2 protein chains.
Amino acid sequence: VPVSTPSAPGRPRSDLNATVFAATLRTVHELGYVNATMDRIAAAAGVAKTTIYRRWPSKGALITDCLLDAFGVLDGFGSVSLDGATREEVVSSLIRLVVAKIGEPGVGAAFAGVFVDAISDPALREVLSTRLQDPGRLVLQDVLGEPENRVLLLIDVIVGTLLHRMGMTGEPMVEADVAALTEMVLHILR
Amino acid sequence: VPVSTPSAPGRPRSDLNATVFAATLRTVHELGYVNATMDRIAAAAGVAKTTIYRRWPSKGALITDCLLDAFGVLDGFGSVSLDGATREEVVSSLIRLVVAKIGEPGVGAAFAGVFVDAISDPALREVLSTRLQDPGRLVLQDVLGEPENRVLLLIDVIVGTLLHRMGMTGEPMVEADVAALTEMVLHILR
């Protein structure tokens, strides 16, 4: 369960999460990150603003949990099969997962938007780093057998490169570049 | 000269650019990207808002020119010595230039902020791509002797990785990671 604040009464936590996360991505996709306020997200989800704030104290916290869910981080990256995979397969699957997710409506804009806010907001950096990046990092350290600093660089390179491509072109990365990026990243792993 | 709109009368273009660019970075650094409006930038620069709009039709256009200037793109990346340098030296100097510039007050936040806006704004993507990325890409294609798609990937990897690191940690990348990033990037060049 990605959130530790109390549940809204009378509604299952997972149901509310799914409804709010879908409304968040839809609103970010339609209005852009800055205009996707907590008010508008609550309205799009059809729930009271207080219900949203009871679970997520800030837009940054909501976006972080929404991304955690979208990438399946707490499920070991969801659809990516990690058990028994080679290092090449893990890196390749992970890059393809990020390419696919960043191409989904709202996900790339939400991801990039929360980073920008984080540059001017140390508290949000802490939320992003501990709630989103750390769980993913721990899974990857375990699966790849790499030290923390190397996995952090791997995450910077994969996520940063794919977000930059999306910002410049508005399109996910094409297959030939995905292959080159995969080869490049594998080169820095021992 | 980075801008083709008419000059404000009575003031040299380069003087006004320098004043406005410095005020832009200062305002972004102090208030964050979203709160750094054209009004506030004009006030910080001590010039009329109409003077700013005569030269830059939008905040995106102003930020783009400000970054073009900060990275010295139209000077062949300013302080980076490209003539007679090896491919390793060019890539290493370029990465160090981006690390240093992204660490200057306002530059990382301005860069990341304009990318986020671009994800939801195709016209801004066009401005960013043609005014900021293309001149840098052409210099690098020439110096490195690499094709367009490879240089575009190089730019995505260097800029994206360093912005992601800044967003997550609030700090420029440490030397050991800069060395690993340099080695990784050189690996995909022929």
Side-chain angles (χ1 to χ4, degrees), chain A residues 28-36 102 106 108-122 124-126 128-129 132-133 149-150 152-171 173-174 176-181 183-189, chain B residues 28-36 102 106 108-122 124-126 128-129 132-133 149-150 152-171 173-174 176-181 183-189:
Chain A
V28 168
H29 180 60
E30 285 166 10
L31 305 177
Y33 182 82
V34 172
N35 296 321
I102 282 181
F111 211 160
V114 79
F115 271 111
V116 172
D117 281 356
I119 286 179
S120 315
D121 182 347
L124 179 55
R125 275 207 297 279
E126 184 66 19
L128 265 183
S129 168
L132 183 59
Q133 181 161 273
N149 65 337
R150 198 41 53 105
L152 286 173
L153 181 59
L154 182 86
I155 293 171
D156 288 331
V157 171
I158 294 174
V159 176
T161 299
L162 296 174
L163 284 176
H164 188 275
R165 174 63 57 102
M166 176 60 81
M168 274 294 180
T169 66
E171 305 279 345
M173 186 169 274
V174 298
D177 287 334
V178 169
L181 177 62
E183 196 194 317
M184 191 170 62
V185 166
L186 283 169
H187 181 70
I188 60 157
L189 301 183
Chain B
V28 168
H29 179 61
E30 285 166 8
L31 305 177
Y33 182 82
V34 171
N35 296 321
I102 282 181
F111 211 159
V114 77
F115 271 111
V116 171
D117 280 356
I119 286 179
S120 314
D121 181 347
L124 179 56
R125 276 207 297 279
E126 184 67 19
L128 264 183
S129 169
L132 183 60
Q133 180 161 274
N149 65 337
R150 197 41 53 106
L152 285 173
L153 181 59
L154 182 86
I155 294 171
D156 288 331
V157 171
I158 294 174
V159 177
T161 299
L162 295 174
L163 284 176
H164 188 275
R165 173 63 57 105
M166 176 60 81
M168 273 294 181
T169 67
E171 304 279 345
M173 186 170 274
V174 297
D177 287 335
V178 169
L181 178 62
E183 196 195 317
M184 190 172 62
V185 166
L186 283 168
H187 181 70
I188 59 156
L189 302 182

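Note that the structure is a prediction, hence the values are computed from the model and not measured. Proteins get letters first, then strands, A, B, ... in listed order; numbering begins at 1 in each. Below, all heavy atoms of this structure are taken into account, side chains as well, without hydrogens, waters or symmetry copies.
Nearest heavy atoms, A:H187 versus B:M184: CD2-CA, 4.3 Å. Listed here is the closest heavy atom pair of A:I119 and B:A112: CD1-CB, 3.6 Å. Heavy atoms only, all atoms of each residue included: A:R150 and B:A180 are closest at NH2-CB, 3.7 Å.
Contacts of A:I158 with chain B are absent, with no heavy-atom separation under 4.5 Å from either backbone or side chain. Proximity to chain B (any heavy atom under 4.5 Å) is restricted, for A:V34, to the side chain, taken from C-beta onward. For B:L124, no part lies under 4.5 angstrom from a heavy atom of chain A. When heavy atoms are compared at a cutoff of 4.5 Å, A:L162 does not approach chain B at all.
Using a 4.5 Å heavy-atom threshold, the side chains of A:M173 and B:L153 count as touching. Counting heavy atoms from C-beta on, the side chains of B:R125 and A:E171 never come closer than 4.5 Å.
In terms of heavy-atom pairs under 4.5 angstrom with chain B, the leader among A:V116, A:V174, A:L132, A:D156 is A:D156. The greatest number of non-hydrogen atom pairs below 4.5 Å with chain A, out of B:N149, B:D177, B:L152, B:T161, is found for B:T161. Put simply, of B:G170, B:A118, B:A176, the one with the most heavy-atom pairs under 4.5 Å next to chain A is B:G170. In terms of non-hydrogen atom pairs under 4.5 Å with chain A, the most contact-rich of B:L31, B:I155, B:L163 is B:I155. Of the listed residues (B:E183, B:H29, B:E126, B:E30), the greatest number of heavy-atom pairs within a distance under 4.5 Å of chain A belongs to B:E183.
Note on ring orientation: taking the six-membered ring where Trp is involved, the planes of A:H164 and B:F111 are perpendicular (angle over 60°, cut-offs 30° and 60°).
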